[in-house]
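Read through the structure below, which is laid out as structure tokens, and then see the notes.
Just so it is clear, the values below take in all heavy atoms, side chains as well, and ignore hydrogens, waters and symmetry mates.
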Amino acid sequence: MTNLLEMKNALRFADGFYRSRLKVAAFANSPSLISGGYRSKACVPSRLKFTCYATLSAVVTKQTPAFDGKEAALLVEELRINFNTGRTKSYEWRISQLQNISRMIDEKERSIAEALHQDLSKPELEAFLAEISNTKSSCMLAIKELKNWMAPETVKTSVTTFPSSAQIVSEPLGVVLVISAWNFPFLLSVEPVIGAIAAGNAVVLKPSEIAPATSSLLAKLFSEYLDESTIRVIEGGVPETTALLDQKWDKIFFTGGARVGRIVMAAAARNLTPVVLELGGKCPALVDSDVNLQVVARRIISGKWACNNGQACIGVDYVITTKDFASKLIDALKTELKTFFGENPLESKDLSRIVNSFHFKRLESMLKENGMADKIVKGGQTSEDKLKISPTILLDVPEACSMMQEEIFGPLLPIITVQKIEDGFQVIRSKAKPLAAYLFTDNKELQKKFVQDVAAGGIGINDTVLHVTVKDLPFGGVGESGIGAYHGKFSYETFSHKKGVLYRSFAGDSDLRYPPYTPKKKMVLKALLSSNIFAAILAFFGFSQDS
């Protein structure tokens, strides 16, 4: 019965979007508009195929008062009216809201950690490092740099506009929508909101209903700490999300999977609304043999199982190494896994659980595919009651299996072997461009070739995941792993419009640009446009440079 209920909810998710007014002509008959299931013929119809699960709704959520299209329209209208007063554009408003977010994180750190544990059994230290600390760091950077970010940027002008000056002025886009994911439900909700507020926008946040404790906490905290006239949280599932997507926004920021990303993009296209899509993909880790095995093993574990138990879009999805080196790497991973999570990882308090039974069964179905049991070299234990799957390593799984065709988003780690490490490049290039790609080697030439030849949203050399903590680096995808980037100043810029402004006086008005167009004017203008001042002077007095 439980499985049937989850199937019904998965199909409800699909129909909620499929029957909504998101049927843009280009996608009207496309199966890519259908979302909400997982790839397993035994569980759902074949039309429901997915590659990322960070926003998948397949659980019954608490009943809340209906939030329909009419209420959504009224909300957007109210926020737009308040935005148009200009209050969010001031430095004082922006800095006060950012300071309130910082204070909120400090004062409610315990509540945030408890919500994350309730939703995902996320260990307290992992919750602090991955979500609370990262969010606070982003907020403090915005507070520190806001005046610099807001300052107009002076640029050079040309001789054709002389005398003049010019600036690039950043202005807020208006009323923006942020739709966040369940796997890092606090970080992925608040960090883009920080960027939107810093840029001076009115914001609606739609947290994931699959992390209900964090969603409820965010709604409560935002109403307590932030300006409700310009910053709102809307809780709910498919109907609420559909109602929001039916409105006209000035930007939509979505974190989740490519399938739902297509739905968001289709909805945005109706109003020519720009989007940022932070999606996912199969993030590879290529491991050479000239490495410190213990360090490599620890860093892969950190970027896989100690990263929300594999439920992370930037987590290591699969490993590539040479046939000769694979056994050594596996032994090192086994040793460090035992050190990290003990003899029985299912009992470890340092390992997050699978978010719900739907995703548990999805991952379990991967392990139960024909012949997969023979590929397991470590782990494979499951506990449906605890929603836990032990860290599982598999060696040389078939390319056609679901584990290699879709984003795993869980604690399963296939290791693919190649004859020589350079062959791994082709394995990576044979798949869609990932959100992140990792390389472990001391070979500088191989590092250079990897950076040049592997297309990915971001790259980490000799580590995993940590590149996203560098605020001067943009974080975002490429191709099917996403559109747009954020973090640090990039968050400010993604929610801003860079407006070009030219300043001129009434002095220096030349008749060269005005009719009647004479040969003399043409000669002078050609000389000016080619930056040949001497020729322009000669032409002005009626002489040719060649004469």
Side-chain angles (χ1 to χ4, degrees), residues 54 98 101-102 105-106 109 112-113 116 120 122-146 149 178 180-181 183-198 214 253 255 276 278-281 283-285 295-296 298-317 340 350 352 434-440 447 450-451 454 456-478 481-482 484-495:
L98 294 173
I101 290 176
S102 176
I105 295 171
D106 287 339
E109 181 182 323
I112 296 165
L116 293 172
L120 292 151
K122 191 166 287 193
E124 184 177 351
L125 182 58
E126 184 180 330
F128 175 77
L129 292 174
E131 302 212 45
I132 298 170
S133 176
N134 263 338
T135 310
K136 178 66 181 294
S137 175
S138 295
C139 191
M140 295 309 296
L141 179 67
I143 291 171
K144 177 183 176 183
E145 298 292 341
L146 185 59
W149 293 349
V178 174
S180 66
N183 54 333
F184 292 88
F186 186 77
L187 172 71
L188 298 181
S189 294
V190 182
E191 180 149 19
V193 168
I194 288 170
I197 290 172
T214 307
F253 188 107
T255 304
V276 172
E278 294 296 337
L279 307 177
C283 301
V295 173
V296 170
R298 290 162 67 91
R299 291 179 179 178
I300 288 176
I301 293 170
S302 177
K304 180 66 172 180
W305 298 287
C307 190
N308 202 27
N309 204 6
Q311 299 169 112
C313 290
I314 55 169
V316 178
D317 191 89
F340 287 7
D350 295 317
S352 299
L435 186 58
Y438 306 111
L439 171 67
F440 291 90
Q447 292 179 9
F450 190 81
V451 171
V454 172
I459 283 179
I461 303 295
N462 292 331
D463 213 329
T464 60
V465 176
L466 285 185
H467 66 289
V468 304
T469 67
V470 180
K471 299 305 180 184
D472 287 334
L473 290 178
F475 174 69
V478 58
S481 61
Y486 71 127
H487 285 192
K489 188 178 181 181
F490 300 100
S491 294
Y492 176 86
E493 291 178 343
T494 205
F495 287 105

Compare every heavy atom of [Y] with every heavy atom of [X], then report the nearest pair and how far apart it is.
X: Gly303; Y: Val465; value: CA-CG2, 3.7 Å
X: Ala198; Y: Leu146; value: O-CD1, 3.4 Å
X: Glu278; Y: Ala485; value: OE2-CA, 3.8 Å
X: Asn462; Y: Gln447; value: ND2-NE2, 3.8 Å
X: Cys307; Y: Ala312; value: SG-CB, 3.6 Å
X: Ile194; Y: Thr135; value: CD1-O, 3.7 Å

Under the criterion side chain to side chain contact (heavy atoms under 4.5 Å, CB included), I'd like the reasoning laid out for Lys304 against Thr464: C-alpha separation, chi angles, the key distance, then a yes or no.
CA-CA 9 Å; Lys304 180 66 172 180; Thr464 60; over 6 Å; no
Salt bridge (charged side-chain N to carboxylate O under 4.0 Å, His left out) partners for Asp350, two or more places apart
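Residues passing salt bridge (charged side-chain N to carboxylate O under 4.0 Å, His left out) with Asp350: none at all.
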Partner residues of Glu124 under the salt bridge (charged side-chain N to carboxylate O under 4.0 Å, His left out) criterion, sequence neighbours left out:
Arg110
Side chain to side chain contact (heavy atoms under 4.5 Å, CB included) between Ile105 and Phe186, intermediate numbers included
CA-CA 10 Å; Ile105 295 171; Phe186 186 77; 4.0 Å; yes
Flag the pair Phe253 / Phe495 as yes when their ring centroid distance falls below 6.0 Å, and as no otherwise.
yes
Short question: side chain of [X], backbone of [Y] - any donor-acceptor pair under 3.5 Å?
X: Glu191; Y: His487; answer: no
X: Gln311; Y: Asn308; answer: yes
X: Ser481; Y: Pro434; answer: yes

Are more than 12 heavy atoms, taken from residues, nucleotides or ligands other than Asp106, located less than 6.0 Å from that residue's CG atom?
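Yes - once you tally the heavy atoms of other residues, nucleotides and ligands closer than 6.0 Å, there are more than 12.
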Give me the one residue out of Ser180, Ser189, Pro185 that meets side-chain contact (heavy atoms from CB on, under 4.5 Å) with Thr214.
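Among Ser180, Ser189, Pro185, the one meeting side-chain contact (heavy atoms from CB on, under 4.5 Å) with Thr214 is Pro185.
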For Glu493, check side chain to side chain contact (heavy atoms under 4.5 Å, CB included) against everything at least two apart and list the hits.
Lys489, Phe490, Lys498
Quick check for you: to the nearest 0.5 Å, what is the distance between [X] atom [atom1] and [Y] atom [atom2]?
X: His467; Y: Ile314; atom1: NE2; atom2: CD1; value: 5.5 Å
X: Asn183; Y: Leu120; atom1: CG; atom2: CG; value: 8.0 Å
X: Leu187; Y: Ser133; atom1: CG; atom2: OG; value: 10.0 Å
X: Leu129; Y: Ser302; atom1: CG; atom2: OG; value: 9.5 Å
X: Arg299; Y: Phe440; atom1: CZ; atom2: CZ; value: 7.0 Å
X: Phe340; Y: Ile301; atom1: CZ; atom2: CD1; value: 5.0 Å

Side chain to side chain contact (heavy atoms under 4.5 Å, CB included) assessment of Thr469 paired with Asn134
CA-CA 7 Å; Thr469 67; Asn134 263 338; 4.0 Å; yes
Between Lys122 and Glu131 (salt bridge meaning N to carboxylate O under 4.0 Å), is one present in this structure?
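A salt bridge links Lys122 with Glu131.
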Determine whether Leu439 and Val454 make a side-chain contact, defined as any pair of heavy atoms from C-beta on separated by less than 4.5 Å.
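Counting from C-beta outward, Leu439 and Val454 never come under 4.5 Å.
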Please evaluate residues Tyr486 and Val276 with respect to the criterion side chain to side chain contact (heavy atoms under 4.5 Å, CB included), reporting the C-alpha separation (whole Å), side-chain torsions for both, the decisive distance (0.1 Å), and the verdict.
CA-CA 9 Å; Tyr486 71 127; Val276 172; 5.5 Å; no
